[in-house]
Amino acid sequence: MGPLSNVESLKFYAPEMVLSAGILLILIVDLIGDRMYKRKGGVSNRKVHGTLALVTLVVAGAVLWWVNHSTPESEVPRGVAIFGGLLARDAFGDFFKYFFLGVTFVVGLMSMRSRDAIDHTDGDRDAGEYFALTLTTTLGLFMMATATDMLTAFLGLELVSIMGYVLAGFKRRDRKSSEAALKYVIYGGVASGAMLFGLSLLYGLAGTTSLAGIKASAAVAASPTTLITAVTLVLAGFGYKIASVPFHMWCPDVYEGAPTPVTAFLSVGPKAAGFAMLIRFFGGALPETLLAKGALLDSSPWPLILGASAAITMTVGNLSALGQQNIKRMFAYSSIAHAGYLLLGLVALSGGGSGSRSILFYLVTYLFMNLGAFLVVIALAESGLGENVDDYKGLGTRNPFIAVVLCIFLFSLTGLPPFAGFAGKFLVFSALLEHPTSMNVFLAILGVVNSAISLYYYARLAKVMFFDKAAEGAGPIKVYGVHAATLTVLAVPTIFLGVYWAPLLDAADQAIRAGAPAVIGAARAVAGL
Amino acid sequence: MDFISMITPEALVFFGLATLAVAGALGVALASNILYSGFALMATLGGVAGLYLFIGLDFLGIAQLLIYVGGILVLILFAVLLTNRIGAVNVTNVSAPRALGGAGALGLLGLLTHVAVKTDWVLTTPVSTPTTARIGDAFLREYLLPFEVASIVLLMSLVGAMVIARRAVRDRPLPPVQGATAPVDGAERLL
Amino acid sequence: MEKIFQIGLTHYLVVAAILFAAGMFVVATRRNAVAILMGVELILNAASLNFAAFSHFVHGHITGQIVSIFIIVLAAAEAAIALAIVLAIFRHYRTIDAEETSLLKD
Amino acid sequence: MGELYASFIRPKEINLLYLIPLFPLIGAFINGIFGKKIQDKLGKRANHGIAIAMMVAASGVALYAFLGMLIKQPAGHRMLHDHVFPMIHIGSLHLNFAFAMDPLSGMMTLIITLVGTGIHIYSTGYMHSEKAYWRFFCYLNLFIFSMLLLVLGDSFAMMFFGWEGVGLCSYLLIGFWYTDKKKASAGMKAFVVNRIGDFGFVVGLFFLFWGLGGYWQKGQYIDETRGAKDMVTLTAGPSVLPQSGEFVAVDGFTRKGVTATWIDPAHAAHHPGESLNLLAEGKGGPGAGAEQVSVVVGPTMSFNELRGQLSITDGGGRRPLAEHLAKKKVWGVPILFFVCLGLFIGACGKSAQLPLYVWLPDAMAGPTPVSALIHAATMVTAGVYMIARLNFLFVLTPGAMTVVALVGVMTALFAASIGLFQYDIKKVLAYSTVSQLGFMFIGVGVGAWWAGAFHLLTHALFKACLFLGSGSVIHGMHFLEHHGGHGGGDDDKPKDNRLAADPHDPQDMRNMGGLRRLMPKTRWTYWIACVAISGFPLAAGFYSKDEILWKAFSGGNILVSGKLIWAIGLLAATMTSFYMWRSYYMTFWRREPTAEMKEHVHESPLSMTSILMVLAALCLVAGPLLGFPMAFSGKEPLLERWLNPVTSLAPFRALTHDKGLEIGLMMVSITVAALGLWAAMALYKDESKTADKLLRLRRQNDGVHKVVYAKYYVDEIYNATVIRGYMALCRVLAWVDTYIVDFIVNAAGAFVRGVGWLSGKIDKYGVDGAVNGVATLVMAGGRRVRKMQTGRVNNYVFGIVAGVMLLFIVTVVAL
C-alpha cells in the first residue's frame, strides 16, 4: 500500500489534531480568562488550564485508541506511510504515542501542584502558557516518534527542543533556571545544527530526505567516509537528545536549574523520543551492508560506536552521580547512566537481536520509576523541603509513606529485583548476550558493574532517609493528596512489572513486530517536483 | 595556460560572494567588539543569500534576506544593545582560550572539506528555473503537514519568548502565601 | 586548476564547511552569549547552504530548498527564544558572559 | 533410541478455570479492604453476602467446568488446562501461572467450593455476634482462594503458593481471637509445625530436580539451536509410526492459545524447521486409527508434563526417564526415596501425621466453622492430595510408600486411642480427624490411590457434618459461659483435673447430656455422620474405609506385609466406632436435661441446621453412589474408573482379586464397628445404670487412662526434647556466633587491615584496605569525571566538536 495522501492521512493524525486544538483552546482561555472566571471567584488559573491539558491528553489517547480500533487492518494496514511518506502510522509509533501521553499526563498532574513550575504569586498567571508549552512538546514528541523523513524528524526535534528551552527557563525569578535555559538553548542549537549538517550530507548522497530512500541509495553505501562523517554528526543530535556522553554536558545543569516537573518531563519524554528516532534511523536509514549483519558483524562500525558510547555513558553518568549533593543533579547523572543502559539495547539491535524490544520495555519501566522519583522531590519541595541529600535526613520518620515509595523507585532505578528496573536491565542484558561476542560480554559485565556503582548513591539516599536523624524540631511532613495518589499509581507498576512483565513485553513485541523500525513509505513519490 | 581567461565573470561573482560570507564568518569569530561581530554576521548572511541567488534559488535567497537579515539580525542587534550599556567602554566580546577551539574547528574543517572534495556526488545538470511557484505548490501539497506544524512552532515560540522575557521581577521577595494574588500591572502583562 | 573556476557543488560545500567550522569556533570560544548565538546561526546557515546546494546540483528538485526554508524558519524561532533567555539572564546576572553565568557546575 | 510412547494426558485448553480461585480472591479483597466500612454502613449481611456470593460464583464455575466440560472429555484427554500468564522463563524452563483440572483436582475443587459454600452459610449463623465479622469472612475467602490455588495449580510452584497460602490462612483463622493468648499461641504452634513440614517439601523438590536435572541436561531432547524446550511427538503403537523419523522437535512452550499438535514425523524429517508452520497450517494430522500424544521433554515444573516425561516408553517397553530417575542414588539410597520422603514430610506437616500431628488438636481453638472447613474437610487433606497427585513418582519407590503406609496406620491407631478418653467434643473430633487422615495415608501408601481419594471425599462430608454438628451443640451450650453448668457427672476425684469438668466450658461433653430432645435436627444429623464414620453399611465411611483396608490386606506396593497394616487398621477402626458413639451418647443421651438446660438450649437457626441436613444426606448418598464395591457389582467402583487417567501410571497391584475374601473382610469390619457401638452404648447410653461400671473400669485402669488422657505426654516429650533441643541449639549457635563468627570477622578484619597496611606501604598516598580502596578509586574517578562539568557553556559545546571528531576517529579506525 502506497503512502496515503494528505486528506486520507488526516484520520490517523487525529490525536495530534486533538493536541493542537487543546493548545489553542488553552491559549484562548488564557487570553479571555480574566473575563471568564477570574473575576467571579477563586478558580485558579492552574486548575483550569491543568484540567484542560489533562482532558486534552485523555481525549487524544481515546482518539488514538479509536482510530486504531475503528480501522480494520485489511483496509489500512497498521504499518502505512501517511502524508505522502513524511510520517508513519505504525504500531511502533502508537506505542510511543501512548507512552508520551502517559508521561505528559503524569507531568501535568505533578505541575498542577508544584510552585516550582507555576509561580503562584501572580495568581499563577503563567499556567496557561505552561500547559500550552507542555502540550506542544508532546506534539513534537509524537512527530519525532513517527517521523520517517529527515524533515519531519528535524521539525519534531526542534519543536521539542524549543519548547524545552522555554520550559527550562520557566522560573523567571530563579537565576539558576535562566542559566539552565541559556545553556540548553546554546547547546541544543549547536547540536541540532551539527545534526542538520550531517543530515544534509546524507541528503546529498542519497538525493532524498526519506529515511527509506537513504537506505535504498547505492551512493550512500558506496561512500563510507562521507557516510560515517554524516552519521557521527547526526549522532551528535541524537546524543544530545538522549543525553549520552560526550553530548550530555548540558544535562546536569539543565536538570538542576529547570523547574522540577520540567526536569522530570525532559528526563523521560525527549529521551524516549530520541531512542524512537534512533531505532528508526539505525533500523531504517542506514544501509544494511554497513549495519552489523551477517559477515560484517565484526567489522561494521555501528555496534562499536554505539557500544563505546554506551560504555562511556554508563560509566561517566554513574561516577559523576556519586558525589552529588543536589538530588535533582544526582538524578540527572543517573538519567545519563540510564541512557547508557538503553544504548546497550541499541547495540543488541544492531546485532540483529531483540534489542529494540528491550529498549521499549526499559523506557516504560523508566517512565514509572523516574517520574516517581522526581514526583517525590516535587511533593517534598511543596512542603518546604530542600533539594539536597541532607534535607532528606530522617524522612523515614517524618513521612514513612514517601520514604518507602522513594525507596521503591530508588531500588528499581538501581535494578534490584523484584522491581521493574530489574526486569528492564535483565532484558537489555539478555538481549545483549544473545550474541555473545567479546564486546557484548564486556559491555554486559560493565553494565552490571555500573549497576553496582549506582547502588552506592541510590542507597545513600535511602540510608539518609532511614538511618540519619532529622534536624531538631523537624516534624512530620504532609504532602498533597494528588501527589500521594499519583505516587501510589506510579509505585504499583514499578513493583508489578518487576514480577509480571509478560504483558508489557508482549506489547513491546507487538510494537516491533508490525515492522516498525523499518521505514515505511519508501515509495514516496518524488517525481515532478 | 591562460590563468586570466579561466576567470569567468561567473567565477568572479561567486568568489566575491563566497569571500563576503567567509570573511563575515571570520569577523564573527574574531571581532573584538560584539557590534562588529553583529555586522560581520550580516555580511555572512547576505553573502549566503547571494550564493542562493547565484544558482537561481530565488525564493530561498529572498527568504534568507527577509528573515535572517531583516528579522533575526535585527533581533540580535537589539539584544546586543539591550544587554550592553553602549556608553560603557567595554562592549564585551572576550574570547575563551582559542587554541583548543581553533584546533577543533580546523580539524572539523579539514574533515568536511575532505568529504566535500573527495566524495563522488551524483550530479545532474542543474537547471535554473524560477522556484517560487514550485515551492508554493509543494508547501500546499507534499509539505502541507510540516508547513502547518511550523505555524505551531512559530506561535508557541512567540508565546514562549514572551513568557521568558516578561518583565515580572522587580526583585521583590517571594510572598510566602500560596495563591495570594498580587495586583497585576497592565503594562507589565503586555511584556 | 581549471576546476577551481568552474563553479560547482564542491565550491558550495567548501563554503558551507568553512561557515560550519567558523560557527563551531565561535560557540567554543566566545564568551558573550549573543556572540555564541551568532555562531549557532552560522552553523545553521552552513547546513542550510548545504541543503540548497545539494538540491540544485544533485538532483534538481526542490526538497532541499524546502528543508532550507524550514531551517530558516526554525532558526528564527530559536533565535527569538534564545534572545529572550539572554534578556532574562541579563536581568539576573547583569552580564551575559558565559564565564560568569556558571552557577551550575560540577 | 527406538520409538517412544507415552500415556500423556492432552489437556483441553479453556480460559475459565482462573475464575474459580479469582472469585474468592475478589471476595477476600473486598472484605479485607472495605470490610470494616461495609460492616459499619451496611451491616454484617453485606459482608457475608459478598463472601457467599463469591463462593456461589466459584462453585458455579467449578460445577460447570466439572460437569459441563471435564466429564465429557475422553479418558486420555480428561484434563482442562488454563494458561493464565507465563511467570518465569529461565533457559528452557518455562513456568506458567496456569491451572489444571483433572478428575482428582476436579473432585477436590468440588469439595472445596461446595463444602466451603456450606460452611460460609453456616458461619453466618455461628459468628453472628462476632465483632470482626468482616475479617472472618475475608480470611475464609482467602483460605478458599489459597486452597484452590493448591489444588488447581498445574505445577509444583503453583501448588507451593497455595501450600503456603493455606498455612498462612490457617494460622490467621486459628488465632482469630488473637486477644486470647492461648488461642494465639495455638496459631503459632500450627504455623511452626507446618514450617517444619514445608521444609521437608522444599527439600523433596530440591532432590527431585537434582535427580531429573542431569537427564534434562544431557541435551538429547533439547534442540540447542532453538534454545527452546522441545516436544517429542509420539504415537500409540509401533505399527503406525513411520520408520523414517523418531521424533520431531517443535517449540514446546505451550503458550496461551497454542496447543501441542501432532506432526507427521516423516514429513518433518524431510522438512526440518517447518514444523511450526505445519502447526499453523494444520497440516500433518494424525494417521488413521492412531492416537497421537505429545510430551514436552526438558525442564518442567508442571505435573502433567513431568508425568508425561516419566511415562515415555521406548519400543522395548522400557521407560528411560523413569528408570534414570529410579536408578540415581545418593549415599547408596535411591534419590527418589529422599524425594518422596521429603514430600511426605511436607504432607505430614499439613495433614497432621505422626510425629507432626500436634498442632491439629490445638488448632481447635479457632472458631468451629474453621475447624470444619480447614481442619477437617480441606487443608488437612492437602498432603493426601499431593501424594495422590504425585502417584507416578511414589510408585517408583516402594520404600517411601511403605513409610507412608506405616506412618498412616500408626497415626490412625495412635490418634484413635487418644480419642477414646477425651471430654472436649472438638478434641474428640480433632483426634478423630488425625486418625482418619491416617487411614487415607494407608490408602495412598499401599498404592490404592483412588481409595485414599475416596476416603478423603467421604471424610470431608461426614467430618464436616460432625464438626458443624458439634458447633451447633456448642452454640446451644453457649449459655454455660455466663451461667455455670451443673457440673460433671463423674466428678469423683475433684483434685485430678483430668476428671473434673470446667462447669463453664460449653465444649465439655460432661456438661452436656440429654440434648436429643432439645436439638433434634442436630442430633439426627450427628447420628448419621456417626454411622458413616464408624463404618456401617450404606453410609459413606463404610465404602471408603473398607476399600482401604481391603486393598491393604490384599497386597499393594509396599515392603511389609499388608496384613499387618490391615490388622492395625482394623483395631483403629474399632476404636473409631467406640469414641464416636461415645461422643454421641455422652452428648445426646446419658441423662435427662436439667431445667436450666431446657430453658437455655434450643435448636440452632436454619442457616446452620440446613447445612447439617445437606451434609448428612450426602453422607448417605455418596458412598454407594461412587464406591459401590466390586464384590457386588462386578465392576470397578465409579470413582475408581473415573480417577483412572490420573493413576494409570501407578495402578494398584493386588495379589489376586478374591470376591469371597473381600466380602469376608467386609463382615469383619462391620463386626468391629458394631463392637465399638455396643461398648459405647453399654457404657454411656444411660448414666444412671452404668455410672458404677464406669467408675470401676476407671479405677482398674487408672494408669492407662492417665497416660492416654494426657495424650501420651507427647507435648511434654516435645517440650523436653525438640523445644529444649532447639533452645540448646540456639544457645550453641549464639556461642558460635559470639566466638567463632566474631573470630572470623576479626581475622578477616585483621587481614584487611594487613592488606591495607601493605598497600599503604606500596602506595604512600594510600588506599586504606581493599574495600575502601575500590570505593576511593570509584569516588576519585567520579571527582575526575565531574571536573569535566565546568559550568561554562563554551566547554560544553566544545564537547560536541570533540565528540564528533572522536566518534569519527573511532569509526574510521574500526573500519
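Quick note on labels: first sequence line is chain A, next is B, and so on, each numbered from 1. Worth knowing before you read on, the calculation uses all heavy atoms, side chains too, and leaves out hydrogens, waters and symmetry mates. Owing to the predicted nature of the structure, the values given are computational and were not obtained by experimental measurement.
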Decide side-chain contact (heavy atoms from CB on, under 4.5 Å) for C/S68 and B/Q64; before the verdict, give the C-alpha distance in whole Å, the side-chain angles of both, and the deciding distance to 0.1 Å.
-> CA-CA 9 Å; C/S68 287; B/Q64 166 95 357; over 6 Å; no
Which distance, rounded to the nearest 0.5 Å, do you find between the [atom1] of [X] and the [atom2] of [Y]?
X	Y	atom1	atom2	answer
B/E142	C/I62	CD	CD1	7.5 Å
B/I34	C/R30	CD1	CZ	7.0 Å
B/L108	C/M24	CG	CE	6.0 Å
B/S157	C/E78	OG	CD	9.0 Å
B/L111	C/F20	CG	CZ	9.5 Å

For the interface with chain C, which of [options] has the highest count of heavy-atom pairs at distances below 4.5 Å?
options	value
B/A161, B/G104, B/G71	B/A161
B/L51, B/V163, B/T129	B/L51
B/G107, B/G160, B/G101	B/G101
B/I67, B/L26, B/V122, B/L57	B/L57
B/I72, B/L100, B/V117	B/I72
B/L73, B/I55, B/L75, B/L106	B/I55

Whether over 12 other heavy atoms sit under 6.0 Å from B/E10 CD | no
Return the option, out of [options], with the maximum number of heavy-atom pairs under 4.5 Å with chain B.
options	result
C/H11, C/M38, C/E41	C/M38
C/L37, C/T10, C/N50, C/L49	C/L49
C/A33, C/A79, C/A52, C/A46	C/A52
C/L87, C/I85, C/L83	C/L83
C/V15, C/I18, C/V14	C/I18

I need the minimum non-hydrogen distance between [X] and [Y], along with the two atoms involved.
X	Y	value
C/A21	B/L109	CB-CB, 3.7 Å
B/L112	C/A17	CB-CB, 3.7 Å
C/L13	B/A116	CB-CB, 3.4 Å

Quick one: what part of B/L41 sits under 4.5 Å from any heavy atom of chain C, side chain, backbone, both or neither?
-> side chain
For B/L154, the side chain to side chain contact (heavy atoms under 4.5 Å, CB included) test, sequence neighbours excluded, returns C/V73, C/A77
List for me each residue that meets side chain to side chain contact (heavy atoms under 4.5 Å, CB included) alongside B/F139, sequence neighbours excluded, and say none if there are none.
-> B/I135, B/Y143, B/F147, C/I66, C/I69, C/F70
Donor-acceptor contact below 3.5 Å, side chain B/R134 vs main chain C/H61 | no
How about residues 17-24 of chain B versus chain C: which residues have heavy atoms under 4.5 Å apart?
-> B/A18, B/A21, B/V22
Taking side chain as everything from C-beta outward and backbone as N, CA, C, O, which of these in [X] sits under 4.5 Å from a heavy atom of chain B? Side chain, backbone, both or neither.
X	result
C/L9	side chain
C/A75	both
C/F25	both

Would you indicate whether the side-chain heavy atoms of B/V48 and C/L19 approach each other to under 4.5 Å?
-> yes
Assess whether side-chain contact (heavy atoms from CB on, under 4.5 Å) is satisfied between C/I72 and B/L60, documenting all intermediate values.
-> CA-CA 9 Å; C/I72 294 172; B/L60 192 54; 4.0 Å; yes
Stepwise side-chain contact (heavy atoms from CB on, under 4.5 Å) check, B/F54 with C/I7 | CA-CA 10 Å; B/F54 179 75; C/I7 309 303; 3.8 Å; yes
Verify side-chain contact (heavy atoms from CB on, under 4.5 Å) between C/L74 and B/V153, making sure each step is shown before the conclusion.
-> CA-CA 8 Å; C/L74 290 172; B/V153 177; 3.6 Å; yes
Residues 39-58 of chain C vs ring pair (Phe, Tyr, Trp, His ring centres under 6.0 Å), sequence neighbours excluded, gives A/Y203-C/F51, B/W121-C/F54, C/Y12-C/F57
Distance-only side-chain donor-acceptor flag, B/Y52 / C/S48, under 3.5 Å | yes
